[in-house]
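The residues of the chain are indexed from 1 along the displayed sequence. All ligand and atom numbering here is 1-based and tracks the order in the structure.
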Amino acid sequence: MDYFNPVEIMERSELEELKLRRLRETVERLYRQVPFYRSKLDEAGFEPGDLRGLEDLEKLPFTTKDDLRDNYPFGLFAVPMRDIVRIHASSGTTGKPTVVGYTANDIRTWADLVARTIVAAGGTPEDIVHVAYGYGLFTGGLGLHYGAEMLGATALPMSGGNTKRQVRLMVDFGSTILCCTPSYALNIAEVMREMEVPREQVKLKSAILGAEPWSDEMRRQIEEELSLSAHDIYGLSEVVGPGVSIECAEKKGLHVFEDCFIPEIIDPGSGKVLPPGEKGELVFTNINKEGLALLRYRTRDISRLMVEECPCGRTHVRMERITGRTDDMLIIRGVNVFPSQVEMVLMQIPGLSPHYQLVVDRVDNLDILEVQVEVSPQVFSDEIKRLEELERRIRDEVQSYLGVGVKVRLMEPRSIQRSEGKAVRVIDRRKI
Ligand code: DLL
């Protein structure tokens, strides 16, 4: 199968028309039905009729996570509660969760989007889709599940955790596509090795990994250890969940399904729209959603858009894999540091495992960044001198890449907490 839905290869001109029509309908509906948007648009002096072309999108106000929180739980829903058939929420580490609602049509659209992602990752109705994203309020599990069913594949609702059992059933049931976070995929690979499961017993051919940042270096490691093709899937609950964008076989950026979401890249400081190719904050506008549709939602994720044609035939624009978040950015002695940059350096140094954590502290008013990384069991048994050399090499390479001094701590194999969902990469102990 080349693609799931013909809209994926629609001519650009037709796609632009479809986007404009849907954007107009959405803005009109939100103006009528959501008091928050009516007052926001009134404040901005914008009437739905002012929307003449897609270029007018940038005149619309942004929506932020705080807007969702201020209208907790259902204040931004655009339909009466009796039309909502599903609720999801993202836990968030601080404050109230953000709550999202779907109508029956929204669930169908979402399943269609996820079916597109599974096909883009090489899936067909013959596949057994092992869903090891968490089921529950998190959108990962049920999102992938409904998509697999929509495709006509077999959904295996494993959820996260109990990794040995995951491996056993993967072998017994012949799972062919693994869906989970990249950090959990590494955890599964490690447990598989410990259980001494021969690779021939595992039928996995591809993996659909996302929900957290990861690097190309980590992809290589996962692909090698599990011998499969790993695809990056992106999404966020506020916008729909998984299925906003996916890497096709080319693996050069993730196609954003523009018939449902309009992506923009803005300068996070000024809010100005940046041209294609420039890096900035991703912003999405829902144009095909009934329950909760957001205008210009600021994701805080950093990426850039690529408008060049893709050899896969999909006409939808691509976004570069997420390279960081505006709020994940650590400022260490004035230097901006993203955990993904450290990951990239670590993954290129032999002898290290892909398990790492960054611990930030402030001692005598000075920020200290400690990079804790596990070494492989072979390296761990090396002489002290070799370990010291390795430590120095990591320190030098991270330092020269980031432009800021770091402390390095080599950790014993298996000493860093394994993830079963989103990995915790940063522990910030600074009290500011
Ligand atoms: O993580 C939805 C999802 C589930 C996506 C399964 C992919 C697979 P939230 O819990 O609302 O939703 O978290 C959304 O996670 O703003 C990004 O910061 C991050 N994120 C999601 N996918 C990726 C990715 C789900 N592929 C937040 N790369 C987003 C980097 C990602 N970060």
Could you tell me whether some N/O pair between [X] and ligand 1 is separated by less than 3.5 angstrom?
X      : value
Ser237 : yes
Tyr133 : no
Ser90  : no
Gly210 : no

**Prompt:** For ligand 1, is any non-hydrogen atom under 4.0 Å from Leu236's backbone (N, CA, C, O), its side chain (CB onward), both, or neither?
**Reply:**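 The part of Leu236 near ligand 1 is both the backbone and the side chain.
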**Prompt:** Of the backbone atoms (N, CA, C, O) and the side-chain heavy atoms from C-beta on, which set of Arg300 has a member under 4.0 Å from an atom of ligand 1: side chain, backbone, both, or neither?
**Reply:**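 It is neither part, as no heavy atom is under 4.0 Å.
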**Message:** For Tyr31, does the six-membered ring have the charged nitrogen or CZ of Arg38 within the cation-pi criterion, i.e. under 6.0 angstrom from the centroid and within 45° of the normal?
**Reply:**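 Positive - Arg38 is close enough to the ring of Tyr31 and near enough to its axis.
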**Asked** Among Ala89, Gly421, Gly243, Ala211, which residue places a heavy atom closest to atom 23 (C) of ligand 1?
**Response**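 Looking at heavy atoms only, Ala211 sits closest to atom 23 (C) of ligand 1.
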**Prompt:** When you measure from the side chain of Arg22 to the backbone N and O of Asn288, does any donor-acceptor pair fall under 3.5 Å?
**Reply:**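 No, the answer is negative, given that no donor and acceptor are paired below the 3.5 Å cut-off.
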**Asked** So, the side chain of Glu374 versus the backbone of Ile416: is there a donor-acceptor pair under 3.5 Å, distance only?
**Response**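 Between the backbone of Ile416 and the side chain of Glu374 there is a qualifying donor-acceptor contact (under 3.5 Å).
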**Request:** Consider only side-chain N and O atoms of Glu343 and Ser215, and report whether a donor and an acceptor are under 3.5 Å apart.
**Result:**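 Side-chain D/A pair, Glu343 to Ser215: present.
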**Request:** Measure the acute angle between the ring planes of Tyr102 and Trp110, then classify it against the limits of 30° and 60° as parallel, tilted or perpendicular.
**Result:**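 If you compare the ring of Tyr102 with that of Trp110, the planes turn out parallel.
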**Prompt:** Can you find a non-hydrogen atom of Lys422 under 4.0 Å from ligand 1?
**Reply:**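 Within the 4.0 Å threshold, so yes.
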Donor-acceptor pairs under 3.5 angstrom involving side-chain atoms of residues 266-279: please list them, not counting sequence neighbours.
from	atom 1	to	atom 2	distance (Å)
Asp267	OD1	Gly269	N	2.7
Asp267	OD1	Ser270	N	3.2
Ser270	OG	Lys272	N	3.2
Lys279	NZ	Glu320	OE1	3.3
Lys279	NZ	Thr323	OG1	3.3

Just need the protein heavy atom nearest to [atom], so name the residue and atom and give the distance.
atom                    : value
atom 25 (C) of ligand 1 : Gly235 O, 3.6 Å
atom 29 (C) of ligand 1 : Asp301 OD2, 3.2 Å
atom 31 (C) of ligand 1 : Glu212 N, 3.6 Å

**Item:** Residues Arg430 and Asp367 bridged, charged N to O under 4.0 Å
**Value:**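 Salt bridge: yes.
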**Asked** Would you call Glu258 and Arg12 a salt bridge, using N to O less than 4.0 angstrom?
**Response**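 Yes.
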**Under 4.0 Å to a heavy atom of Gly140 - the qualifying atoms of ligand 1, by number** =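 In order of number, 4 (C), 6 (C).
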